[in-house]
Structures are given as C-alpha cells and as structure tokens.
Amino acid sequence: MGSFFLDLLSFDHETAVYEKDPMRMRFTYNCRRFTTLEEIEDFRPELVINAVTVKYTISAYNEVLPYLPADCIISDIASVKTGLKEFYEQSGRRYVSTHPMFGPTFANLQQLSEENAIIISEGDYMGRIFFKDLYSKLGLNIYEYNFDEHDRTVAYSLSIPFVSTFVFAAVMKHQDAPGTTFKRHMKIAKGVLSEDDYLLQEILFNPYTGGQVEQIRSELKELLDIIDSKDAESMKAYLTKIRNNVKRDIDTIK
C-alpha cells in the first residue's frame, strides 16, 4: 500500500520514500529515494504517510519524528489503530489517521468505486481534507468514524470473515476435483493467510472481536442442532433468515 500511495501522489506532489533496504525501492519512480534520516530532515516534508507493517507503526514514528518539521502532519493508513490515539495525543503533532478498506490481495486497484475508506474524525482538519479529496478522486465511498467506532467496525468487517476463513482452512483437506464454491473459498483463504501474522493477530485481539466470534459460535451451534435433528422447517427458516441478512447488506451497499 505504501507503493500504491507513492505512485498515486507522485504526479501531483513532490514525493520521497524512506526505506532502509535500497533493494525494496527498485521499482519506485518519479520520487526521491531516501535511506538515511538526515535526507528526510533536508527534504522537510509537509505530510508523512506511515505505511510500514502494523507491528512497527509506532516505532517507525519514533524513529522519524525528530527529523520532521514542527508543522509536518503525520498520518497512518493502518487497519489496526490500537494505541495510535494515545500516541498521537502524547506526540503533540498534527495528525490524520485513515483506513483504506482494501488492499492489493483482493481489490482491483485500477477500479475502486466499490471500495470504502475510513477517515478518523479525531485529527487535523487540513489533513482530513487532504485525504478526503484524495479518496474522492479514487471514487471510494468515504466514512468518518472516531477511533473507537473504527475499531468496532474493523472487529465486525474483518474479524468475522477472517475467523470464518480460519475455520474453513482448519477443517479442509485436499480435493482432487474441487467444486467452484470450494475453489472460491480456497482463493479467499490463500489471500487472507498471505497477510502479515501480526496484522491477523492484532485484528483478532481487537477488544471488540470476542463478541463477534461469540456470535459465530452461537450460529454454528444453532445450525448444528438443525442438522442433527434433520428439522426441515427449521432449516427453511434459518435459510430465510440468512438470505434476508445478505439481501439487507446488498441493499445497503446499493
């Protein structure tokens, strides 16, 4: 995602990328490439986008903050905001926090009109305006939440599909002739499990995730009871319920 933002911004802004490993900058272009903190200091950025792995978000900030101008806006695009609100408040810096609700694993980065982005309302006004304008140009659906609302949303929108995928992967076995549905689930599982372990951990350790997983367990128990009893009427009612859930979600998206 760091490369995505660099490419996106480099045609309208003077941009630079800081990376300790020069080999990881081989395919960056139309920007300046920094490998030392002193180069950042000389560049004097007006905005810094922290795009490191979520495990290192705060430590990366601590490393570069002494080299930034006092009025530089610091920003993150982390999908997990744990500890960031407290960090920003203690830093005394202007900040903006956003969450593009898509990534290179599944999203078509050339067509984002069906994707979403969250802008945290507890941040610098001009920083929020900058990202709102940027996300609008991409055609993204933009939502403003505070940090707590964001964490609740992530617990619902990420932990439920992640846990469901984990369960699928845990019980699956090799299929010589898999059906279409199985292959689609397998593709999702491979995509989710290619994510950074720490990211998956932090999403599942979100304080609001436990309640969402408990709902999955309750639904599985209800479904298992119906299967064990071979209750056709209850199964019909259950399918009607979940179809209505899916229909409401589709109607909301439209």
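None of the values given here were measured: they were computed from a predicted structure.
- The shortest heavy-atom contact between Gly83 and Ile58 is O-CD1, 4.0 Å.
- Between Phe166 and Phe162, the ring planes are tilted. Angles from 30° to 60° get that label.
- Side-chain contact between Tyr135 and Thr98: present, with at least one pair of heavy atoms (C-beta onward) separated by less than 4.5 Å.
- Between the side chain of Asp76 and the backbone N or O of Ala51 there is no donor-acceptor pair closer than 3.5 Å.
- Judged by distance alone, the side chain of Ser91 and the main-chain N or O of Tyr88 form a donor-acceptor pair under 3.5 Å.
- Between Ile73 and Arg94, the shortest heavy-atom contact is CD1-NH2, 3.4 Å.
- Of all non-hydrogen atoms in Leu6 and Thr28, the two that sit nearest each other are CD2-CG2, 3.8 Å.
- Arg128 contributes a side-chain N or O that, together with a main-chain N or O of Gly123, makes up a donor-acceptor pair within less than 3.5 Å.
- By the 4.5 Å heavy-atom criterion applied to side chains, Glu122 and Tyr95 are counted as neighbours.
- For the pair Lys55 and Gln201, the minimum side-chain heavy-atom distance is 4.5 Å or more.
- Under the 4.5 Å side-chain heavy-atom criterion for ILVMFWY residues, no single connected hydrophobic cluster contains both Met186 and Val192.
- Nearest approach of Met1 to Phe102, heavy atoms of both residues: CE-CE1, 3.8 Å.
- Taken together through direct or relayed side-chain contacts under 4.5 Å among Ile, Leu, Val, Met, Phe, Trp and Tyr, Ile142 and Phe131 form part of one hydrophobic cluster.
- Contact between Asp124 and Met126 at its shortest, heavy atoms only, is OD2-N, 3.1 Å.
- A donor-acceptor pair under 3.5 Å links the side-chain atoms of Asn206 to the main chain of Asp151, judged by distance alone.
- Annotation: the span from Lys221 atom NZ to Leu223 atom CG amounts to 11.5 Å, rounded to 0.5 Å.
- Electrostatic pairing of Arg32 and Glu14 counts as a salt bridge here, judged by a charged N lying under 4.0 Å from a carboxylate O.
- Thr153 has its side chain out of reach of His99: every pair of non-hydrogen atoms, C-beta onward, lies at least 4.5 Å apart.
- Checked by atom type and distance alone, the side chain of Asp133 never pairs as donor or acceptor with a backbone atom of Ile129 at under 3.5 Å.
- Within the 6.0 Å centre-distance limit, the rings of Phe168 and Phe182 are counted as a close aromatic pair.
- The existence of a salt bridge linking Glu149 and Arg152 is excluded, since no basic side-chain nitrogen approaches an acidic carboxylate oxygen closer than 4.0 Å.
- Under the 3.5 Å distance criterion, the side-chain polar atoms of Arg93 are matched with a main-chain donor or acceptor of Leu65.
- Between the side chain of Thr209 and the backbone N or O of Phe205, no donor-acceptor pair lies under 3.5 Å.
- The nearest pair of heavy atoms linking Leu47 to Cys72 is N-SG, 3.9 Å.
- Side chains of Tyr18 and Glu63: a donor on one and an acceptor on the other come within 3.5 Å.
- A salt bridge links Lys241 with Glu222: at least one charged nitrogen is closer than 4.0 Å to a carboxylate oxygen.
- Using a distance-only test at 3.5 Å, with no hydrogens or angles considered, no donor-acceptor pair links the side chain of Gln212 to the main chain of Tyr208.
- Using a 4.5 Å heavy-atom threshold, the side chains of Leu134 and Leu9 count as touching.
- Between the side chains of Tyr238 and Glu219, at least one donor-acceptor pair of N or O atoms lies under 3.5 Å.
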- Task: Apply side chain to side chain contact (heavy atoms under 4.5 Å, CB included) to the pair Val54 and Ser79, showing each step before the final yes or no.
- Result: CA-CA 8 Å; Val54 65; Ser79 54; 5.6 Å; no
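- Panel note: side chain Tyr61, backbone Tyr56; no donor-acceptor pair is recorded below 3.5 Å.
- Criterion: ILVMFWY side-chain heavy atoms under 4.5 Å apart, direct or through other members. Under it, Leu84 and Tyr145 are part of a common hydrophobic cluster.
- The main-chain N or O of Val48 is found under 3.5 Å from a side-chain atom of Ser75 such that the two form a donor-acceptor pair.
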